[in-house]
Amino acid sequence: MFLKRIELSGFKSFANKTVIQFDQPLTGIVGPNGCGKSNITDAIRWVLGEQSAKALRSGQSLGDIIFAGSESKKAVNMARATLVFDNTQKIFDSPYDEIEITRQISRGASEISNYINKTPCRLKDIQDLVMDTGLGRDSLSIISQGNISSFADAKPEERRLLFEEAAGVAKYKKRKRVSLAKLENVKNNLDRVQDLIDTHKDQVDVLEEQAKDAIKYIEAKEELASIEISVLAIRIGELKEQELAIRQDLEQLNYQLIQQNAAGQRADDELETLSKRILELDGQLARMQREKSQCMEESMQLQKQKAILDERRKNLLSSEDEQARRQSLIELFGEAKFEYEDRRNRLNQAIVSLQGKEQQLSRARNELQGYDSRRQLLQNELHHLENELAGIESRIAHPPYRNHGVQAVMKNQDRLAGIHGLVSELLECDDEYLSAITTALSSASEQIVVDNEGCARAAINWLKRSQSGRATFLPLSVCKARTLADWQQEIAKQSAGILGVASDFVRCLDVYEPLKMRLLGSILVARDLECANDAARKLKQSVKIVTLGGDVVHAGGAMTGGSMRQQSNPIPALKKEKARLEEAIQQKRFDLQDMQEKIAGITREVEQFTNEVMQSRIEKEKLDNFVQVKREKYQSLQLQISQLDLSAKENEETRNRANAQNGLIARLSELHQRMDEIEGELTRLSAQKQECSQRSSELNDLLRTSRREQNALSSTIQQKELELARIETRLEQNLSRLSADYALTYEAALEQKKEVDVDAADSRIKTLRKTLSSLGNVNLAAPDQLKEIKEKYEFLVSQKEELEQASKQILEAVDEMDQTMTVQFEEMFNRINDCLDEVFKAMFGGGKAKLVLCDPNDLLNTGVDVDVQPPGKAVKNMSTFSGGEKALIAISVLFAILKARTVPLCIFDEVEAALDQANVERFAKYLSNFKDQSQFITVTHRPGTMEQCDTLYGVTMQQDGVSQVLKVMLKDATEMSK
Ligand code: ATP
């Protein structure tokens, strides 16, 4: 049998598990009213996919199909129904020979569980499986009394459904409905997509314009950035050079000003000393003058006394008195002797004084000569140092590199782009680390640092073209810092004699930090080779270590050492030598100035001593004359005396007079001598004063000049400072511009700098700025937004095309379905129509019947009428027939359909209820004709039908409200249905 078994549990009145087995083609289900017979057909409907609570007679909701309980039996929580089909005929499109469909609902659960062959599935899977078999909820498989009784009164369009079902077009109708729903959906989607396309198109149009502006803006901005960064870098470079030059000038000028101030101060001090000295000299001169006046006054009085004495002596000499004459002569002789000796002594003193002064002069002259030689020497040394400095400067300007290629590149660095210099020129260290760092750098010292790889390539090409040799280039752009690992640093810190990482001892500009770290960041510096070996062991020979003496322990353990060869690059040493020479030159200039001041001082002394010697010589000459005159007088008197009689005794009076005379003369002589001394002193002091005055005047001139120069220097310094401030401001402005507009430091800008003509660049910058401002507010996100929107727009257009395509395909499918339905409907209609007349005649015992299409031109929608004429009746209008006749007409149509089309399973639920006994029997007999082609399960009260059944199941319901099923004999069945 096609339907082999029904299993019910908790379904409606079938509270307990109930199994109904179908072994014969025609099974009758009998029982009294309300025992639960129709619940079995409800179960079949539900399992085959019926969802409607109304169709299942399930009250408010599907949950009501679960056994609700009775007076004696508790409600259950789950209803389950299973249909087991034989599929050996492959009525179901499934490879399995048996199909078991189960549905199960739990109380309170929102969903129904579905299974095909015990495998969970969707309701749709069951519906799809069932649809093509002719079973299904709307199929001909389950015909109820209601179906039969409403057939005759149904509208032709409603009646058509039965024929559609028979024609098997229901599935196409359903598919068409689904397709049309899909089409509707597609159309809705199409409308929505079209709306979106329109909106996106507007946005695309707007964004295209904005994107054009944005691209123009970005291009202008990028070009502006590129040019302006280069211009700013060039300007900053120039300003830095100017700043440096001005600072150097200022340093020089300030030094000169300090020198001038110091010279002025010295002149001031000297002037003060000189004015004190002049005051002192004035005092001395005044004192001398006073003393001179006193001496002169005394001398004049003594002269007067002497004149009286001389008068008296003259009288005595001419007197007759021999004694008196003799006495006078003796007095004169005594006087002459005194004067002569006095003048001679004074001459001797003058000679001694002259000699002393001449010695002083000679000493001063010698000293001057010595100083002059020293000055000459200093001058020569200064020249020598200056020559040496010029030589060093020239060597720095044109360094003698060992490598020919390096030499060529460095000489031509102005014509090559991005050349920074030799590694050894860009890194600096203190002298004590020079050997260590030179060793650490090794051959890298002579590598040429360049901006980037492009610059290196350009320089190498130039070397090739000009056949100027080879050189190694180190592009800054690829310099990555190398550092020691943490564990290496830790061990290095703890190792005795490790002074640090080589890069710690090297100074450089910020821009060369990566270079420094790449070359020296992973090399250690040790005090000596022993410490280096010790540390290398601890570091497992993983690090290169250099010593202060220039020895190396390489990573891996190899060692290099010995005496240092000459440095490959002399520039650092030359720069040091230059600094040393500049310092030495400065010192020499100081010494020379000092010497010149000393020479000036000693020259003044020589002049002073020369004057004094001259003075002393004049004095001596004067005394020489005096001595000559006095000697002659003395000798003449001596001669006269020798001719006198010297035996006569000088009287007391003569002796007294002579003594008096000698005292006066001695005093006079003393006074003259003193006055001479005073005169000499006055001359000397006056000369000194004059010299001081002259020096004061010179110093005043010098001071005036110095002040003028100081003023000039101050004003130049002021101007330079103003210029420096201006340059610093411009530098600051340009640097802020770089930082604010481009977030770049000067060093970073240098890396991006291109060679540009600044004037042309300025004009281009102006043009670009104009372009940018003319663009106004630009939506810079527009290109991205456009891309995004365009992608969406294109996606929508493709979606639209897909939807149009889908719509077309659906329409084509619908057309195809319409055609199939039309053909199948017409064919089935005709076949049923062909069978109907025969069935009608058999059912009614004559008469005639035929099906009529309401609108033969619209086979898809036309209603179906039944044109019948029972035997002996002329009535054709269906509504005028009795209920039994209407049922018999419906049953005739049903049998005509069963004839025209094989149905695997047919369940009749009291379809013959309205027929009289004779017609029931006729119905039942006719039904048995179909047993070979279909399986029938008929719920019935009618014995006529029961008689034709192969198997009868009786359904009972006891007091507990639970249905039970058992096989019964016809007799019992008839009994049960009463
Ligand atoms: P008739 O011959 O009058 O058509 P029948 O044998 O076809 O009657 P059914 O309509 O199949 O009877 O069954 C109706 C019976 O099933 C009623 O007694 C009803 O109370 C019972 N019933 C229906 N649903 C449930 C349920 N959820 N729980 C318990 N009993 C139920």
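Note that this is a predicted model, so its numbers are computed, not measured. First listed ligand is number 1; within each ligand, the first listed atom is number 1. Note: hydrogens, waters and symmetry copies are ignored here, and every other heavy atom, side chains too, is used.
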Undergrad: Return a yes/no value for Ala68: is any of its N or O atoms, backbone included, closer than 3.5 angstrom to an N or O of ligand 1?
TA: yes
Undergrad: Looking only at protein heavy atoms, which one is nearest to atom 15 (C) of ligand 1, and how far off is it?
TA: Gly34 O, 3.3 Å
Undergrad: Can you confirm whether Lys17 is buried at NZ, in the sense that more than 12 heavy atoms of other residues, nucleotides or ligands lie under 6.0 Å from that atom?
TA: no
Undergrad: Please check if atom NZ in Lys182 has more than 12 non-hydrogen atoms from other residues, nucleotides or ligands closer than 6.0 Å.
TA: no
Undergrad: For ligand 1, which atoms sit closer than 4.0 Å to a heavy atom of His941?
TA: 2 (O)
Undergrad: Decide, yes or no, whether a salt bridge links Lys124 with Asp128 under the criterion of side-chain N to carboxylate O below 4.0 Å.
TA: yes
Undergrad: Hey, are Asn830 and Asn833 close enough side-chain-wise for a donor-acceptor pair under 3.5 Å?
TA: no
Undergrad: Just by distance, with hydrogens left out, do Asn16 and Lys73 show a side-chain donor and acceptor under 3.5 Å apart?
TA: yes
Undergrad: Evaluate the ring planes of Phe930 and Tyr926, with Trp represented by its six-membered ring, and classify them as parallel (under 30°), tilted (30 to 60°) or perpendicular (over 60°).
TA: tilted
Undergrad: Which bit of Asp42 gets closer than 4.0 Å to ligand 1, counting heavy atoms only: side chain, backbone, both or neither?
TA: neither
Undergrad: Identify, for atom 27 (N) of ligand 1, the protein heavy atom at the shortest distance, and state residue, atom and that distance.
TA: Asp64 O, 3.0 Å
Undergrad: Which heavy atom of the protein is the closest neighbour of atom 10 (O) of ligand 1, given with residue, atom name and distance?
TA: Arg57 NH1, 3.1 Å
Undergrad: Does Met957 reach ligand 1 with a nitrogen or oxygen that is under 3.5 Å from one of the ligand's nitrogen or oxygen atoms?
TA: no
Undergrad: Give me the nearest non-hydrogen protein atom to atom 16 (O) of ligand 1 as residue plus atom name, then the distance to 0.1 Å.
TA: Asn39 ND2, 3.1 Å
Undergrad: Under 4.0 Å, heavy-atom basis, I'd like to know which part of Pro32 is in contact with ligand 1: side chain, backbone, both or neither.
TA: backbone
Undergrad: Measure from atom 4 (O) of ligand 1 to every heavy atom in Glu910, Lys73, Lys37 and give the option owning the shortest one.
TA: Glu910
Undergrad: Is Val962 in contact with ligand 1, taking contact as a heavy-atom separation below 4.0 Å?
TA: no
Undergrad: Considering only protein heavy atoms, which is closest to atom 29 (C) of ligand 1, and at what distance to one decimal place?
TA: Phe67 CD1, 3.4 Å
Undergrad: Does Glu816, at its CD atom, have more than 12 non-hydrogen atoms belonging to other residues, nucleotides or ligands within less than 6.0 Å?
TA: no
Undergrad: Out of Ile29, Asn33, Ile66, whose heavy atom sits nearest atom 3 (O) of ligand 1?
TA: Asn33
Undergrad: Test of understanding: given a 4.0 Å heavy-atom threshold, classify the contact between Ile40 and ligand 1 as side chain, backbone, both, or neither.
TA: neither
Undergrad: Heavy-atom distance from atom 19 (C) of ligand 1 to the protein below 4.0 Å?
TA: no
Undergrad: Would one find more than 12 heavy atoms of other residues, nucleotides or ligands at under 6.0 Å from atom NZ of Lys848?
TA: no
Undergrad: With Asp865 as reference, evaluate Lys850, Arg160, Arg159 under the side-chain hydrogen bond (donor to acceptor under 3.5 Å, both in side chains) test and give the passing residue.
TA: Arg159
Undergrad: Regarding atom 30 (N) of ligand 1: of the candidates Gly59, Gly10, Ser144, Ser13, which has the closest heavy atom?
TA: Ser13
Undergrad: Do ligand 1 and Cys35 have nitrogen or oxygen atoms that lie under 3.5 Å from each other?
TA: yes
Undergrad: In terms of heavy-atom contacts, does CD of Glu111 have more than 12 from other residues, nucleotides or ligands at under 6.0 Å?
TA: no
Undergrad: Do Arg45 and Asp42 sit within salt-bridge range, that is, some charged N less than 4.0 Å from a carboxylate O?
TA: yes
Undergrad: So is there a nitrogen or oxygen of Gly36 less than 3.5 Å from a nitrogen or oxygen in ligand 1?
TA: yes
